[in-house]
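Worksheet: one structure, shown below.
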Amino acid sequence: MLQECTEWLYDYSSDKITAKTEGIEMAMDRRPENMERITTPELADAFIEEQVAAVQEQVGRRKVLLALSGGVDSSVVAALLIRAIGQQLVCVHVNHGLLRKGEPEQVIEVFRNQMKANLIYVDASDRFLDKLAGVAEPEQKRMIIGGEFIEVFAEEARKLDGIECLAQGTIWPDILESEKGIKAHHNAGGLPEDMKFELVEPVKILFKDEVRLVGKQLGLPDSMVYRQPFPGPGLGVRCPGAITRDRLEAVRESDAILREEFAKNGLEGKVWQYFTVVPDFKSTGIKDGKRAFEWSVIIRAVNTTDAMTATVENVPYDLMCHLADRITHEVPGVNRVLYDFTPKPTGTIEFE
Ligand code: XMP
């Protein structure tokens, strides 16, 4: 959950993994300069086969713990490790109450029901929302979410016996970015001092498009593998100011309508990131012939290649009108829909 939750929890560690390339086993903690880009199902299958063997060799009969957010990277790592070590993998899915509609259900369906994973589901929504009550400062909100996530995850880990390894969805751009000092990533160091794990990072040398292809070959659904980026602090940053449960629900419901309509209208997979925001102010409107003092939903839809700059999607006018109609009629407490026309810069992609 931290690009996915896990991504800003865990700091990159330089532990080595082993992998075979062209049949030669070698210690690999960097992507070889001449490594062929994985662009076909055949190359993805070959990578999977190599990594399954490498993980089996690294892990042996030990147990591995994974924070499974449902994001692309941790999901692909989970699928790969299920194939490699089956029930020796313990996945922990923490619902911090800030996930999108249907997300925890999808994680349970795909991993527990379909892939038969050893999955621990922790609904910690109340705990997170209680800690966040009344907190309006954006960075403080992020810190509470990140800190509480580590606590919940560590609590679950302590309940388990004999775990020696921690799997992470580190990918190659994470490593490059942390080396350049752009992002502090992947900190197993975020866990309490006494919790020391050997890291298992089987997609560490892959670019995102390669991770997606590997995930597809491992049988993950497209809705998981090709989903848009989602921030670790989740809907928390789309509910600016102090989060309240009713306004959070308005974010979740309007986001679900936006995703449904973008999918129906061919924009899913075309627009890089799209979501709704519900700021903490109300305005006067009319509903059922009566004055309605309610929230506004802001729609944001942007395109980018690296998230450093972004342009605004030209959403068809008719679709915008339809979205406004659905959101104002279906989401309780909302009487207006606005569109954010701001590119990055001067805006950021998220609102808070
Ligand atoms: P901004 O808002 O900085 O977003 O233009 C750039 C990309 O990063 C995501 N984002 C986050 N991801 N934790 C995350 O894991 C965060 O606190 C966070 N803030 C922004 C955002 O969704 C966009 O894709």
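Any value given below was found using the heavy atoms of this structure, including those in side chains, with hydrogens, waters and symmetry copies removed. Remember, it's 1-based here, ligands and their atoms both numbered in the order they're listed.
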So, regarding [X] and ligand 1 (criterion: nitrogen or oxygen to nitrogen or oxygen, under 3.5 Å), is there a contact or not?
X      : value
Lys344 : yes
Ala307 : no
Gly232 : yes

Q) Below 4.5 Å, heavy atoms only, C-beta onward: do Arg127 and His96 meet side chain to side chain? A)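 Not touching, per the 4.5 Å side-chain cut-off.
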Q: Could you check if a side-chain atom of Gln217 sits within less than 4.5 angstrom of a side-chain atom of Thr40, using non-hydrogen atoms only?
A: no
Q) Between Trp272 and ligand 1, which residue portion shows a heavy-atom distance shorter than 4.0 Å: side chain, backbone, both, or neither? A)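 The answer is the side chain of Trp272.
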Q: Look at atom 16 (C) of ligand 1 and find which of Gly71, Pro233, Gly236, Ser69 reaches it with the closest heavy atom.
A: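 Nearest heavy atom to atom 16 (C) of ligand 1 lies in Pro233.
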Q) In terms of atom number and element, which parts of ligand 1 are under 4.0 angstrom from non-hydrogen atoms of Thr348? A)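 Per the distance check, 1 (P), 2 (O), 5 (O).
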Q | Residue pair His322, Asp318: steps toward the side chain to side chain donor-acceptor pair (under 3.5 Å) verdict | A | CA-CA 6 Å; His322 182 57; Asp318 288 350; over 6 Å; no
Q: With Arg37 as the cation and Phe207 as the aromatic partner, state whether NZ or CZ is under 6.0 Å from the six-membered ring centre and within 45° of the axis.
A: yes
Q) Taking the inter-plane angle between the rings of Phe149 and Phe153 on a 0 to 90° scale, is it parallel (under 30°), tilted (30 to 60°) or perpendicular (over 60°)? A) parallel
